[in-house]
**Student:** 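Dumping the structure here so I can ask a few things about it.
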Amino acid sequence: MSDIMIQVRDLHKSFGQTPVLNGVSFDVHQREKVVIIGPSGSGKSTLLRCINFLEVPDSGTVTIEGTTLSHHFTQRQVAIIRAEVGMVFQRFHLFPHKTALHNVMAPLMTVQKKPKIEAQQIAEHYLAKVGLADRLHHYPSQLSGGQQQRVAIALALAIQPKAMLFDEPTSALDPELVGEVLNVIRDLADEGMTMMIVTHEMKFAQEVADRVIFMDGGMIVEEGPPEQIFSRPAHQRTKSFLSRVH
C-alpha cells in the first residue's frame, strides 16, 4: 500500500492567455509537511486550489489517496474529495451572521448530515483545540483576525480531513496576530497531520517543513529539506528570492 497522500503530475493551468502552472509534478506522503515558497504570482495558490478542485487544471492529474480527480466528477464526488483535504485560505470565509460555533457546525450538518447535537459536540471540540473554547458564541465581527482564522482552521478540521492545505493563512493578519495562528498549525504538524502550506513566514517554514518547494514562473525550481533550501540553495533564482525575504 503506497503512503502517497497527494500525487500531482504535469499540472498545467492558464487564466486566459496567462499560463500560471507550467508542468508541476510532486508527491506528498502521509504525515509529511510540505511548505511552498516563492514570489507572488508564481502559481502557489493556484496549485493548492487545483489540488482541492476549486480550479480545474487544463491538463495533468491530481490524485488524492489513489483517486484521480476528473472534470467529469459530479458535485457529490468533488465534495467527498474535498472532505479528504481541508483548506484554509488567506481570507477567513466565515458567515458573518453565524457565531463561531454555528460556523463550524454548518458544514457538519449540511454536507455530512450529522445530527445537531453531534455537530455541536464536534464543533466545540475543534474550537477548543484551536484555543477558542471561550469564544463559541461570538460572531466574526467580535473576533480578532487571528481568532477568525482559528475558527476557519477549526471549520476545516471538523470535517476530519486526511490532509490540510493552508494558503498563506497569516497574510491577512496584523503582525501581532500571526503567532497564534502559526502555533495552531505547529501543533497540527506535531500531531502528524499531512499538510501543504504556502507561506511567506520563512522562519516558520524552516521549523515545520519536512520538505520545501520553491516555485517561480509556475514551475518547481528547486525542492529539498529546509536546511538545504535555506542554507545551501542550488539554484540562483532560489538564492535571489531568499536574499530578498530573509
Side-chain angles (χ1 to χ4, degrees), residues 44-56 64 69 73-188 191 193-199 201:
K44 307 183 299 295
S45 295
T46 301
L47 174 60
L48 290 196
R49 291 175 68 84
C50 285
I51 291 170
N52 199 250
F53 227 49
L54 291 165
E55 299 286 354
V56 179
I64 309 290
L69 306 185
F73 275 15
T74 63
Q75 281 188 313
R76 172 151 182 77
Q77 287 172 304
V78 170
I80 290 167
I81 292 290
R82 284 206 187 123
E84 300 281 289
V85 184
M87 186 154 177
V88 176
F89 302 86
Q90 299 176 31
R91 298 285 167 185
F92 319 125
H93 294 297
L94 301 178
F95 292 115
H97 60 286
K98 290 183 187 287
T99 62
L101 181 64
H102 286 111
N103 261 286
V104 179
M105 285 173 64
L108 296 172
M109 294 168 66
T110 57
V111 179
Q112 297 192 335
K113 308 298 184 195
K114 293 193 183 296
K116 185 176 180 181
I117 291 174
E118 185 185 350
Q120 181 168 336
Q121 289 170 340
I122 294 169
E124 287 176 354
H125 168 78
Y126 284 102
L127 284 164
K129 186 178 178 70
V130 299
L132 292 173
D134 60 340
R135 294 287 189 275
L136 301 181
H137 305 296
H138 287 59
Y139 290 89
S141 61
Q142 299 170 311
L143 300 171
S144 71
Q147 289 169 336
Q148 290 182 63
Q149 189 62 296
R150 284 188 281 152
V151 173
I153 293 172
L155 196 159
L157 289 174
I159 296 170
Q160 297 178 298
K162 295 178 179 173
M164 287 284 286
L165 309 176
F166 291 93
D167 184 13
E168 299 192 24
T170 59
S171 67
L173 300 179
D174 292 332
E176 70 271 18
L177 303 176
V178 167
E180 65 190 61
V181 172
L182 295 184
N183 284 338
V184 170
I185 300 173
R186 234 181 240 114
D187 289 344
L188 291 174
E191 290 168 15
M193 173 66 80
T194 307
M195 293 195 282
M196 292 187 69
I197 307 165
V198 170
T199 185
E201 303 286 339

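Sequential numbering from 1 along the given sequence is applied to the chain's residues. Keep in mind it's a predicted model, so treat the numbers as computed, not measured.
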**Student:** Is the side chain of Q149 donor-acceptor paired with the backbone N or O of P169 at a distance under 3.5 Å, no angle test?
**Tutor:** yes
**Student:** If you compare all heavy atoms of G86 against all heavy atoms of P161, which two are closest, and at what distance to 0.1 Å?
**Tutor:** N-CB, 3.4 Å
**Student:** When you look at CD of E176, are more than 12 heavy atoms from neighbouring residues, nucleotides or ligands closer to it than 6.0 Å?
**Tutor:**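 Check passes, neighbour count above 12.
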**Student:** Would you please test E191 and M193 for side chain to side chain contact (heavy atoms under 4.5 Å, CB included) and show each step?
**Tutor:** CA-CA 6 Å; E191 290 168 15; M193 173 66 80; 5.7 Å; no
**Student:** Check whether any side-chain heavy atom of M105 sits under 4.5 Å from a side-chain heavy atom of K114, and report yes or no.
**Tutor:** no
**Student:** Taking R150 for its side chain and E180 for its backbone only, find out whether a donor-acceptor pair lies under 3.5 Å.
**Tutor:** no
**Student:** Tell me if a side-chain donor or acceptor on Q77 pairs with a main-chain N or O of T74 at a distance below 3.5 Å.
**Tutor:**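 Here the side-chain-to-backbone pair exists.
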**Student:** Say whether, by atom type as modelled, one donor and one acceptor occur between the side chain of Q142 and the main chain of Y139 under 3.5 angstrom.
**Tutor:** yes
**Student:** Output yes when a side-chain donor or acceptor of N52 lies under 3.5 Å from a complementary backbone atom of V85, and no otherwise.
**Tutor:**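 Such a contact is found between N52 side chain and V85 backbone.
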**Student:** Any donor and acceptor pair, going by atom type alone, linking the side chain of E168 with main-chain N or O of Q90 inside 3.5 Å?
**Tutor:**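 Judged by distance alone, no pair lies under 3.5 Å.
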**Student:** Only pairs at least two apart or in different chains count here, so list each ring-ring contact (aromatic ring centres under 6.0 Å, His included) that has a residue in residues 74-121.
**Tutor:** F89-H93, F95-H97
**Student:** Can you give me the closest heavy-atom contact between L165 and I51, atom names plus distance?
**Tutor:** CD1-CG2, 3.9 Å
